[in-house]
**Student:** 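So that we are looking at the same thing, I have put the structure below in C-alpha cells.
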Amino acid sequence: MALPRTRLLERNEIADDTMVFSFEKPPGFEYTAGQFADYTLLDPAEIDAEGATRGFSLTSAPYEPHLMAATRLRDTAFKRVLKTMPLGTELALDAPYGSFTLHHNVGRPAVFLTGGIGITPVRSIALQAAHDRTGHKIIVLYSNKRPEEAAFLAELRRLGETEENFTLVPTMTRPETSEHSWDGETGHVDKAMLSRYIDDVAAPIYYLSGPATMVTAMRTVLNDVGVDADDLRTEEFTGY
Ligand SMILES: Cc1cc2nc3c(=O)[nH]c(=O)nc-3n(C[C@H](O)[C@H](O)[C@H](O)COP(=O)(O)OP(=O)(O)OC[C@H]3O[C@@H](n4cnc5c(N)ncnc54)[C@H](O)[C@@H]3O)c2cc1C
C-alpha cells in the first residue's frame with residue numbers, strides 16, 4: 001500500500017545548527033506522544049549511501065495541528081535537501097512507530113534524562129500531558145553544552161512556570177563557551193544531581209532519549225544509583 005504523503009509547511013532554526021520542520025498532518029493520522037515517524041524524500045535533488053529516509057521523533061504533541069520534527073543540521077545529503085527544499089514539497093510518511101510513551105500509572109513520576117536533540121520526544125510528551133491534565137509529575141533533566149544549543153529551552157521553561165506538575169532542570173556542560181551567563185545547573189547529570197531533584201529514586205519510571213552514547217551514559221548513572229532496569233525506557237537515536 002502506498003504511504004501517505006505529507007508536505008513541508010515551515011522550517012525555523014531553533015538552536016545552533018538545529019532546525020524544526022513542520023509538516024502537514026495527513027487526514028486521520030493519529031499518534032501517541034513520544035512516537036516517531038520515517039520521512040522519505042521523493043525525487044530528491046541529491047542522495048547518499050544512507051538513502052532518502054530518516055526517522056525522527058514526532059516532537060509535536062498530538063493535540064497540535066501539524067507534525068513537527070527537529071534535527072541537528074549535519075552536512076548529509078538528506079539534511080541538505082530538507083534544509084533547502086521549497087515549502088510545500090511532498091514527502092512520504094511512514095508512521096507512527098515506537099513505544100517511548102508515557103506510562104499510565106500517575107502515581108509514579110516520570111523522569112526524563114536527555115540531552116541535545118534527544119529532547120524531541122520529551123517535548124511532545126510533556127506538552128500532551130499538560131494539555132490532557134493527566135496528573136503525572138514530570139521531571140526533565142536536560143543537558144547541553146551551552147544554552148544556545150538547547151532546542152525548546154524557552155518553551156519548556158515556560159511550561160515549568162505554568163504547570164505545577166512539570167519541572168525542567170537544564171544543565172550546561174560547557175557554560176563558559178556561551179555568550180550568555182548561566183546560573184543554572186552545570187556539568188553532566190550524575191548521582192548528586194539526581195538526588196537534588198528526586199527524593200526517592202525507586203519511585204519514578206525513567207526515560208532516556210538521544211544518541212546512543214548519551215543513552216548509555218545516562219543508563220550507567222541510573223544503574224549506579226540502583227534503579228531497577230524494569231523502570232527504564234529508552235529511545236536511541238541510531239545514526240548519530
Ligand atoms: C527512533 C528514532 C528517533 C530519532 N529521532 C530523531 C530526532 O528527533 N532528531 C534527529 O535529529 N535524529 C533523530 N534520529 C536519528 C535520525 O534518524 C538520523 O539518523 C540522524 O539525524 C542522523 O542523520 P544524518 O542525515 O545527519 O546522518 P546520516 O547520513 O544518517 O549519517 C550516516 C553516518 O555518518 C556518520 N556521520 C555523518 N555526519 C556526521 C557528523 N557530522 N559527525 C559524526 N558522524 C557523522 C555517522 O556515523 C552516521 O551514522 C532518530 C532515530 C531513531 C531510530
Side-chain angles (χ1 to χ4, degrees), residues 3 6 8-23 25 29 31-62 64 66-85 89 91-102 112-128 140 142-145 148-153 155-156 174 206-219 232-240:
L3 292 172
T6 182
L8 179 65
L9 298 177
E10 210 182 316
R11 76 187 139 223
N12 291 297
E13 189 151 0
I14 50 164
D16 284 1
D17 296 325
T18 309
M19 267 194 160
V20 66
F21 299 85
S22 291
F23 298 97
K25 195 188 281 191
F29 180 81
Y31 63 104
T32 304
Q35 290 191 296
F36 71 96
D38 282 338
Y39 299 84
T40 300
L41 305 173
L42 306 169
D43 197 19
E46 57 169 326
I47 196 169
D48 61 19
E50 289 296 320
T53 302
R54 293 290 184 285
F56 297 122
S57 294
L58 289 151
T59 195
S60 45
E64 294 182 295
H66 305 307
L67 306 180
M68 280 163 48
T71 189
R72 296 291 199 218
L73 285 176
R74 299 191 326 191
D75 197 19
T76 66
F78 183 96
K79 290 183 179 174
R80 280 193 296 273
V81 173
L82 200 58
K83 198 166 68 170
T84 54
M85 62 167 60
T89 301
L91 298 90
L93 181 75
D94 190 8
Y97 290 114
S99 54
F100 190 75
T101 55
L102 196 57
F112 291 84
L113 272 60
T114 189
I117 201 63
I119 195 67
T120 50
V122 185
R123 177 194 183 273
S124 177
I125 292 169
L127 263 67
Q128 189 68 37
V140 177
Y142 180 26
S143 159
N144 282 273
K145 287 199 186 85
E148 291 90 328
E149 293 185 9
F152 306 119
L153 180 61
E155 183 181 31
L156 292 173
R174 300 282 308 278
Y206 293 86
Y207 296 81
L208 316 181
S209 58
T213 46
M214 179 167 294
V215 169
T216 303
M218 303 287 190
R219 195 198 302 268
L232 221 157
R233 299 184 183 184
T234 60
E235 188 74 301
E236 280 193 21
F237 291 6
T238 50
Y240 272 110

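Heavy atoms only: backbone and side chains are in, while hydrogens, waters and symmetry mates are out. Every number for a ligand or one of its atoms is a count from 1 in the order of the listing.
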**Student:** Between Phe56 and Phe21, is the ring centre distance below 6.0 Å?
**Tutor:** no
**Student:** Contact residues of ligand 1 with a heavy-atom cut-off of under 4.0 Å?
**Tutor:** Phe36, Glu50, Arg54, Gly55, Phe56, Ser57, Ala70, Thr71, Arg72, Arg74, Thr76, Lys79, Ile117, Thr120, Glu235, Glu236, Phe237, Thr238, Gly239, Tyr240
**Student:** Could you check Arg54 against Leu82 for side chain to side chain contact (heavy atoms under 4.5 Å, CB included), going step by step and ending with a plain yes or no?
**Tutor:** CA-CA 11 Å; Arg54 293 290 184 285; Leu82 200 58; over 6 Å; no
**Student:** With side chains defined as the heavy atoms from C-beta onward, is the minimum distance between Tyr142 and Val122 less than 4.5 Å?
**Tutor:** no
**Student:** Are the side chains of Ile119 and Leu156 in touch, meaning some heavy atoms are under 4.5 Å apart?
**Tutor:** yes
**Student:** For Thr53, which residues count as a side chain to side chain donor-acceptor pair (under 3.5 Å) partner, sequence neighbours excluded?
**Tutor:** Thr40
**Student:** Under 4.0 Å between a side-chain nitrogen and a carboxylate oxygen: does that hold for Glu149 and Arg174?
**Tutor:** no
